[in-house]
Amino acid sequence: MAAVKYISREKLPEWLKALAAERRLLVPVEEGGAVVFRAYDPAKAPVFGSDATAPPKGSVFPASKELFSYTYGKEGEDAKPTLTLDPKTTAEPTVVFGSKPCGARGFLIFDRVYMGKKFPDPYYIAAREATVFVTMACDTVENTCFCHWVGSGPADPAGSDLLLTPVAGGWLVEAVSAKGEPLLASPALTDGAAKAAEAEEVKAKTRAALGEAPDISTSKEALLARFDDMDFWRDQSDKCISCGACTYLCPTCYCFSITDEGSGMSGKRLRSWDACMHFQFTLEASGHNPRPTKAHRLKNRVGHKFSYYPTLHDGLIACCGCGRCVKSCPVSVDIREIVQNAVAKAKA
Ligand code: SF4
Ligand code: SF4
């Protein structure tokens, strides 16, 4: 049986300091009115109670990442040009501490894309392998949470290496993966067996607070059936202002763009997050755009998450139900309503 430990609130800073001494430690902190993951600073208290505004996506897949630097050389008019590449594949050992389960689960969706056999991505793989996720199960829910609709839940360990569950005075600490186990050796942790039953009660109570999930098991077919129904998509996207916030804050959105920065004979190639809700995302050099309206773009975003991706990946829904896109959308576009509307329309 995997080790079960306990960490008290008083001892938590000791554990965090020890972790930060050995590697990069990212924790959720308040910054500019939002909660975001930043390097641990003992002088700044982490925010562990509620879900972070932005998920820990950038810990493994940074918003902008240098892939390699390059230098061209040419000695003389007739000489053959040379090209030197310096790939930046090494990743810093990291612990992401205090994400909610939905934030860590997002990486399952990334893994199938960037760690697949066909096109393994060395940058992603190095960062994923160098990162340990110490996740905190939820003991409260918000009205935007719907993790239980998509095969997850408030204590889902998928994508995590350790799972902490809030109990009186601290947290029960459970090992989820072999990668997480060495972190349990800290003297700040004590045996947690006596707290295990209380943690199970917290998990059950939080799951019950979410209530019953509606049946969206036909979302794959229902959304595909609406593929050419642009009236439906115009209705759903009416309020959207194409700001892209939903994609940037989404733990499962993995699209990127490539740019080169440099001058003269040298420079660097960058990979940066891109957003399918933006007009430019599919704009072709000819001026043609296969997704010219926000209705086309929202169709792609929702269809990809609840239909096309699950079709390609054994039914796995490319949404972890975190509700960030619902909570942060300036005009309250609600992905839950859209999926349910498509499911209802298919039944009508
Ligand atoms: S956050 Fe809302 S308004 Fe902005 S692109 Fe997404 S759906 Fe549209
Ligand atoms: S689509 Fe919305 S609810 Fe689903 S994972 Fe992305 S941000 Fe969270």
Side-chain angles (χ1 to χ4, degrees), residues 34-37 50-58 60-61 63 99-113 135 138 141-154 156 158-160 210 213-214 216 219-220 223 232-255 273-282 291-310 313 316-342:
V35 176
V36 291
F37 283 83
S50 57
D51 199 7
T53 315
K57 175 162 79 172
V60 172
F61 195 76
S99 163
K100 296 295 177 189
C102 51
R105 185 182 171 89
F107 291 106
L108 296 190
I109 283 83
F110 273 74
D111 289 351
R112 285 182 173 249
V113 176
T135 299
C138 305
V141 299
E142 299 183 45
N143 62 8
T144 45
C145 296
F146 64 105
C147 52
H148 60 314
W149 293 28
V150 294
S152 179
D156 184 0
S160 300
L210 286 169
I216 58 159
S219 67
K220 266 196 311 184
L223 284 158
F232 175 84
W233 291 106
R234 268 187 287 275
D235 276 353
Q236 307 306 312
S237 63
D238 206 26
K239 296 185 288 186
C240 174
I241 55 170
S242 300
C243 68
C246 51
T247 48
Y248 290 124
L249 292 176
C250 177
T252 70
C253 277
Y254 53 76
C255 288
W273 293 353
D274 206 345
C276 64
M277 296 298 278
H278 289 156
F279 175 81
Q280 292 90 343
F281 184 76
T282 46
R291 294 186 206 139
T293 70
K294 58 187 184 177
H296 289 89
R297 297 190 285 276
L298 190 67
K299 176 180 79 167
N300 174 71
R301 176 170 158 75
V302 181
H304 178 254
K305 290 186 181 298
F306 286 85
S307 181
Y308 324 145
Y309 186 102
H313 296 287
L316 181 67
I317 293 177
C319 164
C320 49
C322 71
R324 281 186 179 83
C325 57
V326 182
K327 195 154 63 166
S328 299
C329 174
V331 292
S332 301
V333 172
D334 191 330
I335 197 165
R336 295 170 299 186
E337 282 174 18
I338 300 170
V339 173
Q340 283 186 295
N341 289 345

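For ligands, and for the atoms within them, numbers begin at 1 and follow the listed sequence. Residues take their numbers from the sequence shown, with the count starting at 1.
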State the [atom1]-[atom2] distance between [X] and [Y], to the nearest 0.5 angstrom.
X      : Y      : atom1 : atom2 : answer
Ser99  : Arg105 : OG    : CZ    : 12.5 Å
Tyr248 : Asp274 : OH    : CG    : 6.0 Å
His296 : Arg234 : NE2   : CZ    : 7.5 Å

Exercise for review: Pull out every atom of ligand 2 sitting under 4.0 Å from any heavy atom of Phe146, numbered as shown with elements.
Suggested key: 3 (S)
Check your understanding: Going by the order shown, which atoms of ligand 2 are within less than 4.0 Å of some heavy atom of Lys305?
Key -> 1 (S)
Subset of ligand 1 atoms that lie under 4.0 Å from at least one heavy atom of [X]:
X      : result
Gly244 : 4 (Fe), 5 (S)
Val333 : 7 (S)
Val331 : 3 (S)

Check your understanding: Can you tell which of Leu316, Thr252, Ile317, Val339 makes a side-chain contact (heavy atoms from CB on, under 4.5 Å) with Val150?
Key -> Ile317
Exercise for review: Please work out whether the ring planes of Tyr309 and His304 are parallel, tilted or perpendicular, with thresholds of 30° and 60°.
Suggested key: perpendicular
Review point. Should the pair Phe146 and Trp149 be assigned to parallel (<30°), tilted (30 to 60°) or perpendicular (>60°) ring geometry?
Key: perpendicular
Looking only at protein heavy atoms, which one is nearest to [atom], and what is the separation?
atom                    : result
atom 5 (S) of ligand 2  : Cys320 N, 3.3 Å
atom 2 (Fe) of ligand 1 : Cys329 SG, 2.3 Å
atom 4 (Fe) of ligand 1 : Cys243 SG, 2.3 Å
atom 3 (S) of ligand 2  : Gly323 N, 3.1 Å

Practice item. May I ask you to decide if Cys253's main-chain N or O and Lys57's side chain share a donor-acceptor pair within less than 3.5 Å? Key: yes
Check your understanding: Is it true that a side-chain atom of Arg301 and a backbone atom of Ala275 form a donor plus acceptor pair closer than 3.5 Å?
Key -> no
Exercise for review: Tell me, please, if Cys240 has any N/O/S atom, main chain or side chain, under 2.8 Å from atom 2 (Fe) of ligand 1?
Suggested key: no
**Study point:** side chain to side chain contact (heavy atoms under 4.5 Å, CB included) between Thr293 and Trp233, worked out
**Key:** CA-CA 10 Å; Thr293 70; Trp233 291 106; over 6 Å; no
Review point. Ligand 1 versus Ile241, non-hydrogen atoms closer than 4.0 Å: side chain, backbone, both, neither?
Key: both
Review point. Taking the minimum heavy-atom distance to atom 8 (Fe) of ligand 2, which of Cys250, Cys322, Cys325 ranks first?
Key: Cys322
Study note, to complete from the structure: Among Cys246, Ser237, Ser328, closest by heavy atom to atom 6 (Fe) of ligand 1 is Cys246
Review point. Strictly under 4.0 Å, does any heavy atom of Arg301 approach an atom of ligand 2?
Key: yes
Review point. So Ile338 and Val333, side chain to side chain contact (heavy atoms under 4.5 Å, CB included) or not? Walk me through it.
Key: CA-CA 9 Å; Ile338 300 170; Val333 172; 3.9 Å; yes
Point to revise | Residue Cys102, metal atom 8 (Fe) of ligand 2, N/O/S under 2.8 Å | key: no
